[in-house]
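First the structure, in the form of structure tokens, and then the observations on it.
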Amino acid sequence: MPELPEVETVRRQLEPVLVGRSIAAVRVLDPLLVAPVNPARLRRALVGHAVVGLGRRGKYLQVLLDSGDTLVMHLRMTGRLHHTAPGGRAPADRHRRARFTFDDGSTLDFSDTRRFGRAWMLPDDGHANAAYWSARLGPEPLDPAFTAEVLADALRGRSAPIKATLLDQRRVAGIGNIYADEALFQARVHPLRPAGDLDEHEVAALRDAIVDRLHVGIDQGGASIDRYRDTLGRPGSMQDMLRVHRHEGDPCPVCGTPIVKSRVAQRGTYHCPECQPVD
DNA sequence: ATTTTCCCCTGCCGGC
DNA sequence: TGCCGGCAGGGGAAAA
């Protein structure tokens, strides 16, 4: 499931091949992808416009256009973006939901098995749209401004489990189920601890663990434990670096205690009962 | 306001 | 072999 490192991997791959390209055609094969907007309306907003940049906020991918509008895409669970160079042949894919064709003949396919992914236009707002994003998303964890103090502010006074709080995009942007489990393990914090109960030392450790695990995720090209692939169809390797997530019963890499699976915030959650005590 | 629950989707997997 | 219930999960809406 694409989280911040997976979306950032896609963003970095698309930037050099899309910037400067003009959109020649847009085909929406599954209207649900752009619902409730009419596909024709999306097409009109895109065709003839050039890509001037690729951005990312949390797990949201932003395609910045010369019109000032932004095409926003969210891959949700099983979304993929596949880029095909000019003259190349896009692989057959029965889950393809849309195809964007550029002026050089290259294409970008949005594929999505479970159809949770979405694409929509963010109207001209000087590309900033600060209010739009700040209403939905907390701080960017890889921004230098994401200090332990910033995380402490996000957690202060909250009684919800720390795992649920990390998954709440309004607290911190971009963390999903995989990286939440991995960061909590590295910080030695039990997923059920009330977020506001973490002491200063734990918050600092958690901040460092979040930043570290996300960076490693990007370095590894993302985690392909489910359907994630990069824009060339290649899997990442972060799944091989996971220490607790989806490792139920396996020995903890630190102490050897079997990893326990539980359910927190409606999500499968993995932790080491020895390294991450409830207190 | 915060927190929890439900729901959308489809593919996969275990059980019978 | 084949059917079927259950599970997986990001995030938005609705409920608590």
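Below, chains carry the letters A, B, ... as their sequence lines are ordered, and counting in each starts from 1.
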_Sugar-phosphate, base or nothing in reach of A:Lys261, heavy atoms under 4.0 Å_ = sugar-phosphate

*Closest to the A:Gln266 side chain: C:dG10, B:dT5, B:dT10?*
B:dT5

_Distance in angstrom units between A:Leu33 CG and C:dG10 C1', rounded_ = 15 Å

*To the side chain of A:Arg76, which of B:dT3, C:dG11, B:dG11 is closest?*
C:dG11

*If you measure from the ring centre of A:Phe116 to the centre of the six-membered ring in the base of C:dG11, is it under 5.5 Å, with the planes under 30° apart?*
no

_Looking at A:Arg267, I'd like to know whether one of its side-chain N or O atoms comes within less than 4.0 Å of OP1 or OP2 on B:dT5._
no

*Side-chain N or O of A:Lys59 less than 4.0 angstrom from OP1 or OP2 on C:dG10?*
no

*Could you check whether A:Arg136 gets within reach of a base, just the sugar-phosphate, or nothing at all, counting any heavy atom under 4.0 Å?*
nothing

*NA contact type, A:Arg118, heavy-atom cut-off 4.0 Å: base, sugar-phosphate, or nothing?*
nothing

*Go through B:dC9, C:dG11, C:dG9 for me and flag the one nearest to the A:His74 side chain.*
C:dG11

*Among A:Gln13, A:His82, A:His83, find the one that has a side chain to side chain donor-acceptor pair (under 3.5 Å) with A:Asp230.*
A:Gln13

*Tell me what A:Thr78 touches on the nucleic acid: a base, only sugar-phosphate, or nothing, going by heavy atoms under 4.0 Å.*
nothing

*Using atom CD1 of A:Ile225 as one end and atom C1' of B:dG11 as the other, report the distance to the nearest whole Å.*
15 Å

_Is A:Arg114 close enough to C:dA8 that one of its side-chain N or O atoms is under 4.0 Å from OP1 or OP2 there?_
no

*Could you point out which residue of A:Gln276, A:Glu274, A:Glu248, A:His271 forms a side chain to side chain contact (heavy atoms under 4.5 Å, CB included) with A:Val260?*
A:His271

